[in-house]
Novice: 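Below is the structure I would like to discuss, written out as structure tokens.
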Amino acid sequence: MQEIIHLLTNDIFFWMAWVIIPLVMEIIPGFLGVFILVYKRFTYKEDAPLTYCPDITLIIPVYNSADSLWACLDSVDKSTYPNKNISLILVDNGSKDDSFRIFVEYQKTHLDMNAKWLSSKQGKSKALNMALFNSEGKYIIHIDSDGILHPDALSNMIRRFESNENIHCMTGAVLTNPDMIKEEKNLFKRFIQKTEFYEYAQAFLAGRNYEAELNSIFTLSGAFSAFRKSTILKTQLYNTETVCEDTQVTFQIRYLLKKRIDICENALFFVDPIESINRLYVQRQRWQRGEIEVIHMFPDRKGGVHTLLSNFMSRILIYDHTFAFPRMIWYFALICLAFIGYPFRYIFISVVLIYIMYVLSALLYYIHVCIYLSWDKQLKRFYAWKIGYTLVLPLFNFMVYWFRFAGIINSIKGASTWRTRGFDEEVKVCRDIIAQDFVFVKKFIDKVKKSIYESDVEEEKETK
């Protein structure tokens with residue numbers, strides 16, 4: 001311990017130079033977020049019980065959803081919110097499977113469900129806009145067709161709206177499906193899925209909770225979001241020029257309508273866990289790309305240092321983009337220090353200290369998530385037993401950082417498209433580029449080999 005203290009005090013410039021980026025950009029904001037969550041918990045007011053159930057419309061975009069659509073519709077039917085007050089609009093974006101047949105069969109066995117099917121082949125954004133124009137009721141809620149609602153999700157969402165007239169739109173809390181994680185047989189895949197569940201829980205029940213206090217929620221999750229109908233119809237509706245139409249409409253509500261973006265942390269929606277690292281790579285790239293596209297659509301015209309504190313978009317640009325390349329350089333430079341004379345123990349201790357601070361921050365979030373899940377004993381138990389993943393989460397986030405960094409690079413050099421290359425495709429492209437760039441080297445080597453071979457043949461002839 002004395003040796004560590006000696007290193008910290010005698011080499012202060014080293015620590016300032018190599019710890020400052022993760023400390024300022026991630027660790028300190030993480031601890032500040034915990035204090036905000038504590039404040040929110042002490043000032044929290046319970047939503048008033050519903051005195052009546054207003055009519056709502058559930059919009060479900062469908063695209064080749066035959067495998068998951070029945071379970072999604074069934075979760076609506078099993079909701080504690082009355083079916084008679086729910087209008088379902090399923091808007092199909094050119095499915096080529098049996099999605100419509102599933103819808104018809106479900107209608108035959110659930111006659112009390114007020115459901116409509118709309119067809120659109122013009123992209124997801126235009127499909128959603130079509131559904132909005134056909135919606136009815138006081139509130140409009142969007143859910144994805146490949147997920148299921150918690151039984152109390154709709155009731156909790158409407159209670160929050162009815163108890164707070166100043167709330168005009170909310171995102172629900174999205175988690176990966178615990179039952180599907182339990183059924184996964186592959187040990188490595190189940191490990192990744194549990195880590196992803198842990199990440200989602202902290203991101204929504206902790207991260208977006210404190211972002212809501214600062215009115216800095218970046219996006220109303222497309223998987224589960226809700227609006228007052230009077231609010232969403234005042235926007236320019238869903239934009240067709242970005243892969244993140246949910247983020248774009250969020251910015252419209254914040255910047256054009258000047259409305260607050262909130263979260264209903266006890267309205268849960270469960271999505272399928274990630275299938276593979278390759279799928280995770282594609283997903284996070286698409287999110288990053290959409291973030292950049294939407295920020296470009298809403299440029300912040302205010303300048304000056306004061307905007308760093310007052311405007312969350314400025315903070316996001318600095319955190320996700322301005323510091324993206326310095327962070328990348330920092331990672332590589334830390335490794336290179338070992339080759340330019342710095343003692344390896346300096347480097348090792350600095351990395352360990354940073355890792356410990358990440359773990360402590362994740363542990364504090366873990367405690368708050370357990371508190372927020374107190375109302376659902378089964379789900380809380382499933383999450384609480386994942387405390388060991390506090391040690392894994394910093395490494396998982398490190399991997400995701402590189403996926404998002406790839407999204408930044410691809411957004412710079414490519415046009416907006418929903419189709420995103422997977423990791424295996426990226427590797428193949430890199431291999432082809434390298435092969436093409438060094439083709440002259442290969443030709444030179446082949447030429448040298450041929451010359452040597454011909455020389456050997458000539459020598460052999462002369463010897464004979």
Side-chain angles (χ1 to χ4, degrees), residues 50 53-92 95 97-117 128 131 135 137 139-161 170-183 193 197 200-201 204-205 220-227 246 263-274 373 375-380 382-383:
L50 286 173
C53 294
D55 291 339
I56 65 174
T57 292
L58 245 67
I59 296 176
I60 306 177
V62 177
Y63 181 72
N64 293 340
S65 306
D67 293 338
S68 60
L69 188 56
W70 187 283
C72 178
L73 295 173
D74 212 35
S75 72
V76 177
D77 182 49
K78 292 176 180 177
S79 167
T80 55
Y81 204 78
N83 283 353
K84 64 180 182 179
N85 299 109
I86 301 175
S87 294
L88 272 173
I89 297 180
L90 287 81
V91 56
D92 179 62
S95 292
D97 63 357
D98 291 333
S99 296
F100 182 70
R101 182 180 60 80
I102 298 296
F103 166 74
V104 171
E105 290 180 1
Y106 195 85
Q107 272 197 311
K108 290 179 180 178
T109 55
H110 297 77
L111 299 178
D112 61 332
M113 296 288 286
N114 176 17
K116 302 174 185 175
W117 180 277
L128 290 172
S135 64
Y139 302 105
I140 296 174
I141 298 175
H142 292 187
I143 62 172
D144 277 350
S145 57
D146 58 352
I148 59 174
L149 286 162
H150 186 282
D152 296 325
L154 296 179
S155 297
N156 290 341
M157 185 78 82
I158 302 305
R159 279 180 61 197
R160 182 65 54 85
F161 271 127
M170 285 186 288
T171 180
V174 180
L175 301 175
T176 52
N177 193 324
D179 294 332
M180 294 182 70
I181 296 174
K182 293 174 185 176
E183 293 171 2
Q193 290 178 353
F197 174 88
Y200 267 67
F204 278 91
L205 299 177
L220 290 160
S221 175
F224 185 26
S225 55
F227 311 84
D246 49 356
I263 184 172
C264 187
E265 69 284 340
N266 59 355
L268 303 180
F269 185 75
F270 300 100
V271 297
D272 293 353
I274 208 72
L373 288 176
W375 60 279
D376 189 312
K377 303 293 184 185
Q378 185 176 356
L379 192 59
K380 178 184 176 181
F382 181 82
Y383 175 79

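In this text, all values refer to a predicted model and were calculated from it rather than measured experimentally.
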Novice: Report the distance from atom NZ of K116 to atom CD1 of I89, rounding to the nearest 0.5 Å.
Specialist: 5.5 Å

Novice: Assess the residue pair V62 and F103 against the criterion (side-chain contact (heavy atoms from CB on, under 4.5 Å)); give the C-alpha distance rounded to whole Å, side-chain angles, the decisive distance to 0.1 Å, and a yes or no.
Specialist: CA-CA 10 Å; V62 177; F103 166 74; over 6 Å; no

Novice: So do the side chains of N85 and L154 get within less than 4.5 Å of each other, counting heavy atoms only?
Specialist: no

Novice: Is the shortest side-chain heavy-atom distance between Y106 and L69 below 4.5 Å?
Specialist: no

Novice: Is the backbone N or O of C72 less than 3.5 Å from a side-chain atom of S75, with the two atoms forming a donor-acceptor pair by type?
Specialist: yes

Novice: Start with the C-alpha gap between H110 and N83, add the side-chain angles, then the distance that decides, and say whether side-chain hydrogen bond (donor to acceptor under 3.5 Å, both in side chains) holds.
Specialist: CA-CA 10 Å; H110 297 77; N83 283 353; over 6 Å; no

Novice: Do the non-hydrogen side-chain atoms of I148 and D74 ever get within less than 4.5 Å of each other?
Specialist: no

Novice: Might you work through the side-chain hydrogen bond (donor to acceptor under 3.5 Å, both in side chains) test for T57 and S135, ending with a clear yes or no?
Specialist: CA-CA 6 Å; T57 292; S135 64; 5.0 Å; no

Novice: Sub-3.5 Å donor-acceptor pair from the side chain of E265 to the main-chain atoms of F204, do we have one?
Specialist: no

Novice: Looking only at non-hydrogen atoms, find the nearest pair between S99 and S65 and report the distance.
Specialist: OG-N, 2.9 Å

Novice: Is a side-chain donor or acceptor of S145 paired with a backbone partner of I60 at a separation under 3.5 angstrom?
Specialist: no

Novice: With distance as the sole test, does D92 use its side chain to make a donor-acceptor pair with the main-chain N or O of S95 at under 3.5 Å?
Specialist: yes

Novice: Got a second to check how far M170's CE is from C264's SG, nearest 0.5 Å?
Specialist: 5.0 Å

Novice: Give me the atom names and distance for the closest heavy-atom approach of A115 to Q107.
Specialist: O-NE2, 3.2 Å

Novice: Output the distance between atom NZ (K380) and atom NZ (K377), rounded to the nearest 0.5 Å.
Specialist: 5.5 Å

Novice: Report yes if some heavy atom in the side chain of L73 is under 4.5 Å from a heavy atom in the side chain of M113; otherwise report no.
Specialist: no

Novice: Which atoms form the tightest heavy-atom contact between I102 and A66, and what is the distance?
Specialist: CG1-O, 3.9 Å

Novice: Distance-only, no hydrogens or angles: does the N177 side chain make a donor-acceptor pair with backbone N or O of D179 under 3.5 Å?
Specialist: yes

Novice: List the atom of D112, the atom of D77, and the distance in Å for their closest heavy-atom pair.
Specialist: OD2-OD1, 4.2 Å

Novice: So, the side chain of T171 versus the backbone of S221: is there a donor-acceptor pair under 3.5 Å, distance only?
Specialist: yes

Novice: For the pair F269 and F224, name the ring-plane relationship: parallel under 30°, tilted 30 to 60°, perpendicular over 60°.
Specialist: tilted

Novice: Are there over 12 heavy-atom neighbours, none belonging to D97, within less than 6.0 Å of that residue's CG?
Specialist: yes

Novice: Rounded to the nearest 0.5 Å, how far apart are CG of D152 and CG of L268?
Specialist: 9.0 Å

Novice: Would a 4.5 Å heavy-atom cut-off, applied to side chains only, mark I56 and Y81 as touching?
Specialist: yes

Novice: Quick check on K182: does its NZ atom have over 12 non-hydrogen neighbours (other residues, nucleotides or ligands) under 6.0 Å away?
Specialist: yes

Novice: Parallel, tilted or perpendicular for F161 and Y139, by the 30°/60° rule?
Specialist: parallel

Novice: Donor-acceptor check, side chain of T176 to backbone of V271, threshold 3.5 angstrom: yes or no?
Specialist: no

Novice: Taking C-beta and beyond as the side chain, do I158 and P54 meet within less than 4.5 Å on heavy atoms?
Specialist: yes

Novice: Go through the structure and list residues passing salt bridge (charged side-chain N to carboxylate O under 4.0 Å, His left out) with K84, not counting sequence neighbours.
Specialist: none

Novice: Taking all heavy atoms of Q193 and all of I274, pick out the closest pair and write down the distance.
Specialist: NE2-O, 3.0 Å

Novice: Mind running side-chain contact (heavy atoms from CB on, under 4.5 Å) on D376 and F382 for me, showing each step along the way?
Specialist: CA-CA 10 Å; D376 189 312; F382 181 82; over 6 Å; no

Novice: Taking side chain as C-beta onward, heavy atoms only, is V104 less than 4.5 Å from W117?
Specialist: no

Novice: Please round to the nearest 0.5 Å and tell me the distance separating atom CD1 of I140 and atom CG of L128.
Specialist: 11.0 Å

Novice: Are the side chains of F227 and L220 in contact, using a 4.5 Å heavy-atom criterion?
Specialist: yes

Novice: What distance do I181 atom CD1 and F270 atom CZ have between them, rounded to the nearest 0.5 Å?
Specialist: 10.0 Å

Novice: Measure across S155 and L50 and return the closest heavy-atom pair with its distance rounded to 0.1 Å.
Specialist: O-CD1, 4.2 Å

